[in-house]
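Lettering of chains follows the sequences in order, A, B, ..., and the numbering in each one begins at 1.
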Number of protein chains: 2
Amino acid sequence: MQSSLLDDLRLAGYRLTPQREVVLAVLSETHEHLTAREILRRARRRLPRLNKSAVYRALDVLTHLSLVNPIDVGQGEIQYELNTQPHHHHLVCQQCGKITDIDGHAFNTLDKILRTEYGFAPFLFHFAIFGICRECQRKMKKDTRVALLLTRCAPA
Amino acid sequence: MQSSLLDDLRLAGYRLTPQREVVLAVLSETHEHLTAREILRRARRRLPRLNKSAVYRALDVLTHLSLVNPIDVGQGEIQYELNTQPHHHHLVCQQCGKITDIDGHAFNTLDKILRTEYGFAPFLFHFAIFGICRECQRKMKKDTRVALLLTRCAPA
DNA sequence: TTAAGTGCAAATCATTTGCATGGAT
DNA sequence: ATCCATGCAAATGATTTGCACTTAA
């Protein structure tokens, strides 16, 4: 695992630095999605002089190696997670902000269509789907603005 | 259409202002996705004192009414488009940046699964899927970094 | 050795906000 | 007459960048 990371980096012309290792280690130790700021905070326990630029640069490298997935939930800070197998995806509730992880099978049909009909190779990991979760739908029945929204977002 | 906009706004407790009208008008006159900055530029031809704050606030209102869709292609500026029927979606090539519009049928299965299995009402309009387009896949066969990426993004 | 990587501080830049004024209802 | 909305300027805040110094190879 250690040596495979080194190989991946070398193969791509990168160096193995303590900064890159520790960023990857932090992400390996959780199943949460972490922001760059939170990664920095945790990584500094082991590498106190670590700088946020180095975190961003490390995340960039790790993302290009597809060891890490950025997840943009559209709320300012980008979140990062380890790119584990099997892939999973994220349902982001626009109302309460809750993020639900779901497994990949829901996307099989979509993946196939995009590849065969459009020749497009989708990155169906770093994937966030926005919408309204079950509980919020219940609460929202009364709110006029939102009722409109729910009506209009029905499938085409 | 004019009066329906007014109704929508009133129903939701908003006022119909020239600023909101002109922002909507600008979006109605194109099939492109426009950034807030570009919307401001075009809208100022008709409303020279229009301010960027007003544009952002108008886009916010129109989005909440689901008259407008924000599309975050992950490249800094958010893009906006009219929420037309039938819905369509966006394939964003991470390599060359090209955005391809596709119709909604590819998402029917996904939509159904999310609703029935997860009780989640997805906003399957403002939807951008990242990946690599046909042409870039061809060019990228030689590049080691990218070959790795293409391998790893294969369906789970 | 030497090119790539880091730490630091400053810059960038889309978006947001406070506040006094203006306008839709 | 109300109070929602705008214009302006200043703030915010995540991410990026320039540069001198380190360090992995």
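- Remark: the backbone N or O of B/Leu27 is not paired with any side-chain donor or acceptor of B/Arg42 at under 3.5 angstrom.
- Taking the C1' atoms of five terminal pairs at each end of the helix from C/dT1-D/dA25 to C/dT25-D/dA1, the two resulting helix axes are inclined by 40°, rounded to 10°.
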**OP:** Would you give a per-nucleotide map of nucleotides 18-25 of chain C, 5' to 3', where B means the base has a protein non-hydrogen atom under 4.0 Å away, S means only the sugar-phosphate does, and - means neither?
**Re:** B----BBS
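- A/Tyr56 places its OH atom 18 Å from the P atom of C/dT12, with the value rounded to the nearest Å.
- Electrostatic pairing of B/Glu29 and B/Arg45 does not count as a salt bridge here, judged by no charged N lying under 4.0 Å from a carboxylate O.
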**OP:** Please report the C-alpha distance between B/Arg20 and B/Leu24 in whole Å, then the side-chain angles of each, then the deciding distance to 0.1 Å, and finally whether the side-chain contact (heavy atoms from CB on, under 4.5 Å) criterion is met.
**Re:** CA-CA 6 Å; B/Arg20 288 169 181 171; B/Leu24 195 58; over 6 Å; no
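- Under the side chain to side chain donor-acceptor pair (under 3.5 Å) criterion, A/Lys98 pairs with A/Glu135, sequence neighbours left out.
- A sub-4.0 Å separation between OP1 or OP2 of C/dG7 and a side-chain N or O of A/Gln19 is present.
- Applying a 4.0 Å cut-off to non-hydrogen atoms, the residues of residues 29-52 of chain A that approach DNA chain C are A/Arg49, A/Leu50, A/Asn51, listed by residue number.
- Here chain A contacts DNA chain D (any atom closer than 4.0 Å to a heavy atom, that is under 4.0 Å), and the contacts span D/dA14 to D/dA25 from 5' to 3'.
- Judged by distance alone, the side chain of B/Gln137 and the main-chain N or O of A/Gly119 form a donor-acceptor pair under 3.5 Å.
- Residues B/Ala36 and B/Val55 approach most closely at O-CG1, 3.9 Å, considering heavy atoms.
- Follow the hydrophobic side-chain contacts under 4.5 Å out from A/Leu16 and you reach A/Leu62 in the same cluster.
- Across the protein-nucleic acid pair, A/Gln75 atom CD and C/dA14 atom C1' stand 16 Å apart, rounded to whole Å.
- Rounded to an integer number of Å, the gap from A/Glu21 CD to C/dT6 P is 11 Å.
- Scanning both residues, A/Arg46 and A/Val22, for their nearest heavy atoms gives CB-CG2, 4.1 Å.
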Subject >> Verdict with supporting geometry, B/Leu67 and B/Asn83, side-chain contact (heavy atoms from CB on, under 4.5 Å) >> reply: CA-CA 5 Å; B/Leu67 295 169; B/Asn83 181 22; 5.7 Å; no
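- When hydrophobic clusters are built by joining Ile, Leu, Val, Met, Phe, Trp and Tyr residues whose side-chain heavy atoms come closer than 4.5 Å, directly or via intermediates, B/Leu82 is grouped together with B/Ile78.
- Remark: B/Asp103 pairs with A/Tyr118, B/His105 by the side-chain contact (heavy atoms from CB on, under 4.5 Å) rule, at least two apart or across chains.
- For the pair A/Asp60 and A/Arg57, the salt-bridge criterion is not met [side-chain N within less than 4.0 Å of a carboxylate O].
- Relative ring orientation between B/His89 and B/Phe107 is described as tilted, the plane-to-plane angle lying within the 30° to 60° band.
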